[in-house]
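I have placed the structure first, in the form of structure tokens, so that the comments after it can refer back to it.
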Amino acid sequence: MTQQSGAAESGPSSAATLDNLLEESRTFSPSEEFARAANATQALYDEAAADREAFWANQADRLHWETRWSQVLDWSDAPFAKWFVGGRLNVAYNCIDRHVEAGHGEQVAIHWEGEPGDTRTITYADLQREVSKTANALISLGLQTGDRVAIYLPMIPEAVFSMLACARLGLTHSVVFGGFSAEALRTRIDDAQAALVITSDGQNRRGKALGLKENVDIAVRDADSVRNVLVVRRTGNDVEWNADRDVWWHELVDTQSEEHTPEAFDAEHPLFILYTSGTTGNPKGILHTSGGYLTQAAYTHHNVFDLKPDTDVYWCGADVGWVTGHSYIVYGPLANRATSVMYEGTPNTPHEGRWWEIVQRYRVSILYTAPTTIRTFMKWGNEIPARYDLSSLRVLGSVGEPINPEAWMWYREHIGSSTTPVVDTWWQTETGGIMISPLPGVTATKPGSAMGTLPGISAKIVDENGAEVGWGGGGYLVLDQPWPGMLRGIWGDEQRYRDTYWSRFSSEAGPIYFAGDGAKYDSDGAIWLLGRVDDVMNVSGHRISTTEVESALVSHPSVAEAAVVGAADPTTGQGIVAFVILRGGEADDGDALVKQLRDHVSKEIGPIAKPRQILVVPELPKTRSGKIMRRLLRDVAENRELGDVTTLQDSSVMKLISSGLAKPT
Ligand code: WTA
């Protein structure tokens, strides 16, 4: 392990950080001991470089196929890909039954811990019984292969049982994060035409039992597609009951047979839809299928985290409502027969050492979380993790947003005893699995860099014209070869799929995927992700579109116009700052109205979209064609000197805005 000369430390996401990134010269090589025992070696890169399709065929052999495929990749109808053509498999069988059949039924699959401190230990044999019962219950409700099921649950084992029961039956799940509002749930149920919603009576959040089913009641009021609502009893909250529609989990599922024989489905059978924010107001239903997705989830989980199923205890701190939870709480780890930890609650309930207590108790050896969480722990103080025995940890992962070098170093030093490899993993809901990341036994890492593409993956950084930039250069991140876990489309909107991802760049070899992220090669060719280049914000690792928040604001009767920007935030990466013009031109910047508007956004989308700051302004900066110049508003929100204002239709507007803001509120 070598630590070379230190680069300047800085806060995240600021212009200063980006400059510092280019100067980063510290590198951390894997220890010899780690490298010797690692799952992945340099040979993996060589194998993929020699023959990409043969490489992926080998990776698909991690899975059990009922019928083998006849072709690895069919890209003839690009950008619509087919992987492992003709192959048939059952995703749930691969995640559960085959491990039980191989004699691992007594191995713990999930150490679950509830926020109030209750626990559940679920072995692979238990998982087989629970998922079989759930599958039988879904059959009894009349669900049929291809139907969509919305899952709106907190982080409880039933969320995993539900997802796997859907996979087992060939139902397509759409998990909706439990922090989303009734309105957000409603649009997702409608778009997918879900036939069933699975929810709970409530969820534990910061020591309180919050309601959940009441949001479902509102969301399904006019939803013709929904025949039933299946309700898990978690908190004991009182709930309204519609006897024609609602069914208790403990009455229906718990009385089912523990046996269910899975059938195989086509490799391209839809496994799930997951909604994510785009640049317009409507979230996109990202569609993933079975064989390729599971191959990439299992391959990346095995190699990036160096998982040893017999000895490791793995913990991904995400929520199953996000793609990280899909690929790295459920499908990847279970396909690899991991023993995982799953935690229901918040990291500071009942105290700020809760996570480290969990690491100590279960001897967690691999931890995967987001930079925003790491920065929160930094804020709480070094002495908190120092109170616990974290010596079991041997690999640390980061995901969801650019990690600033300072947070990377803190993570390694204070959580990883200055010895564990840190893997910064770049990917997206659309990519299905990790794409750019170090391999912990191979790559010499630099704090803050995701380093390079994984074996089998191809990415480039290109300029406006699609030409690859050289080392030291920056531009747009693109993926120029199809990959097994790639999205297969946007649910119900073929054109939007083409327009959003495949229309900006292309090559003679075919269409090229535009990721929407800016990136740079440093002088050694390492990749540094620089954040979104579109109107999508990244708040605590969650994607939220500026338009979505603007639509929510203008749906309030007092708001005439709104413009929203993501401004650098030391903890959450970006914070949402909204500029609003009130109706009738009134300049009411009173606290009461601002609070009302923040709550309104929370009700329309969910608490994660609540603006950090709302500024009432008399005007918004627009170009001559009427486009809001968010760049200038970002300058205001980040207290920077204003950039170029010459394209403004009325250049005095910025003075008006700035002077309005100077006024005490
Ligand atoms: C950002 C989360 C920098 C990026 C898995 C991407 C990252 C968006 C990283 C996808 C990283 C994710 N470094 N940025 N390691 N990982 N991002 O769909 O902007 O919720 O486009 O998927 O998060 O967010 P999503």
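Everything numeric in this text was worked out from a predicted model, so none of it was measured. Each ligand, and each atom within it, is numbered from 1 in the order the structure gives.
The closest side-chain heavy-atom distance from His288 to Tyr331 is not below 4.5 Å. Between Arg62 and Thr295, the closest side-chain pair of non-hydrogen atoms is not below 4.5 Å.
Using a 4.0 Å cut-off between heavy atoms, Thr425 contacts ligand 1 through its backbone alone, with no side-chain atom that close. Under 4.0 angstrom from ligand 1, there are no non-hydrogen atoms of Ile436. Looking at Glu401 against ligand 1, only its backbone comes within 4.0 Å, counting heavy atoms.
Results of the salt bridge (Lys or Arg N to Asp or Glu O under 4.0 Å) test with Arg543 over Glu401, Glu430, Glu548 single out Glu430 as the only residue that passes.
At a 3.5 angstrom cut-off on N or O pairs, Arg543 counts as close to ligand 1. Between Thr429 and ligand 1, an N or O atom pair is found at a separation short of 3.5 Å. An N or O contact shorter than 3.5 Å is missing between Gly541 and ligand 1 by distance. Taking only nitrogen or oxygen atoms, main chain and side chain alike, Thr324 does not reach within less than 3.5 Å of ligand 1.
Not a single donor-acceptor pair under 3.5 Å links the side chain of Thr276 to the backbone N or O of Thr429. Side-chain atoms of Gln428 come within 3.5 Å of backbone atoms of Ala515 as a donor-acceptor pair (strictly under, hydrogens ignored).
Residue contacts with ligand 1: Trp427 is included, with a non-hydrogen atom under 4.0 Å away. The closest approach between Gly400 and ligand 1 falls below 4.0 Å for a heavy atom of the residue.
Ranked by closest heavy atom to atom 21 (O) of ligand 1, the top entry among Thr431, Val423, Asp517 is Asp517.
At the top of the distance list for atom 3 (C) of ligand 1, counting protein heavy atoms only, stands Pro402 N, 3.1 Å.
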